Amino acid sequence: LMRIKEEGKEKYRIGNLVFNKENSEISSEKASLHLNHKECEVMEFLVNNQERTIDKQELEKRVWANEEKNENIVTMYIAFLQDKFSALGANIRINDKNGYVLEKIV
């Protein structure tokens with residue numbers, strides 16, 4: 001993870017992707033994709049907690065707090081992000097074996 005300061009905006013480089021929270025987008029050399037509000041919150045939480053694995057309940061509590069939600073909401077949003085990573089040719093993924101953590105694909 002590398003924090004990039006650009007014109008007063010914070011961006012994060014993770015592998016070959018750049019996450020721009022202020023613009024709600026992730027981009028690679030290929031293209032840029034918009035993240036909806038919840039995708040952006042999930043991405044931000046994963047980026048800010050890269051040093052540890054986050055369990056499903058913690059992520060759900062952090063992003064959806066007291067909102068009514070589908071029991072598979074976390075799994076769905078992780079899949080949405082994985083699809084966007086794939087579309088951008090990302091060399092990162094969200095490992096979901098025992099929780100969630102961003103990792104480089106080797």
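Here the structure is a predicted model, which is why all the values come from computation and not from measurement.
- By the 4.5 Å heavy-atom criterion applied to side chains, Val63 and Lys38 are counted as neighbours.
- Within 6.0 Å of NZ on Lys61 lie no more than 12 heavy atoms contributed by other residues, nucleotides or ligands.
- With contacts defined as side-chain heavy-atom distances shorter than 4.5 Å, the pair Ile94/Phe85 qualifies.
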Derivation of the side-chain contact (heavy atoms from CB on, under 4.5 Å) call for Tyr77 and Leu35: CA-CA 11 Å; Tyr77 274 84; Leu35 301 178; over 6 Å; no

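- With a 4.5 Å cut-off on side-chain heavy atoms, Tyr100 and Thr75 count as touching.
- Closest approach of Ala87 to Leu33, counting heavy atoms only: CB-CD1, 4.1 Å.
- When atom types are taken as modelled, the side chain of Asp96 and the backbone of Gly99 share no donor-acceptor pair closer than 3.5 angstrom.
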Derivation of the side-chain contact (heavy atoms from CB on, under 4.5 Å) call for Val18 and Tyr12: CA-CA 5 Å; Val18 173; Tyr12 302 89; over 6 Å; no

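- Going from atom NZ of Lys97 over to atom CD of Glu103 covers 8.5 Å, rounded to the nearest 0.5 Å.
- At least one side-chain heavy atom of Gln50 sits less than 4.5 Å from a side-chain heavy atom of Ile14.
- Ion pairing of Lys84 with Glu39 is present here, as a side-chain N (NZ or NE/NH1/NH2) and a carboxylate O approach within less than 4.0 Å.
- For the residue pair Asn20 and Glu25, no side-chain donor N or O sits within less than 3.5 Å of a side-chain acceptor on the partner.
- Side-chain contact between Leu59 and Asp55 is absent, with no heavy atoms from C-beta onward closer than 4.5 Å.
- Remark: Glu51 CD is packed, more than 12 non-hydrogen atoms of other residues, nucleotides or ligands lying under 6.0 Å away.
- Put simply, Val101 and Leu46 are part of two different groups of oily side chains (I, L, V, M, F, W, Y) that touch within less than 4.5 Å, one to the next.
- Side chain of Asn49 to main chain of Arg52: no donor-acceptor pair is present (N/O by atom type, distance under 3.5 Å, no hydrogens or angles).
- We find the CZ-CD distance between Arg93 and Gln82 to be 8.0 Å, quoted to the nearest 0.5 Å.
- Looking only at distances, a side-chain donor or acceptor of Asn16 sits under 3.5 Å from a matching main-chain atom of Gly89.
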Verdict with reasoning, Ile105 to Ile92, per side-chain contact (heavy atoms from CB on, under 4.5 Å): CA-CA 5 Å; Ile105 299 170; Ile92 63 165; 5.6 Å; no

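- A donor-acceptor pair is defined here as one N or O able to donate and one able to accept, closer than 3.5 Å; no such pair exists between the side chain of Lys104 and the backbone of Asn91.
- Within the model, atoms NZ of Lys69 and CH2 of Trp64 stand 9.5 Å from one another, a figure rounded to the nearest 0.5 Å.
- Between Phe19 and Cys40 the shortest side-chain heavy-atom distance falls below 4.5 Å.
- Heavy-atom contacts from other residues, nucleotides or ligands closer than 6.0 Å to NZ of Lys56 number more than 12.
- Rounding to the nearest 0.5 Å gives a distance of 7.5 Å between OG of Ser27 and CG of Leu17.
- The neighbour count for Asn72 CG, taken as heavy atoms of other residues, nucleotides or ligands under 6.0 Å away, is above 12.
- Heavy-atom neighbours of Glu29 CD from other residues, nucleotides or ligands within 6.0 Å: at or below the threshold of 12.
- Within the 4.5 Å cutoff, side-chain heavy atoms of Val47 are placed close to those of Leu102.
- Contact annotation: the side chain of Asn48 approaches that of Glu44 to within less than 4.5 Å [non-hydrogen atoms, C-beta and beyond].
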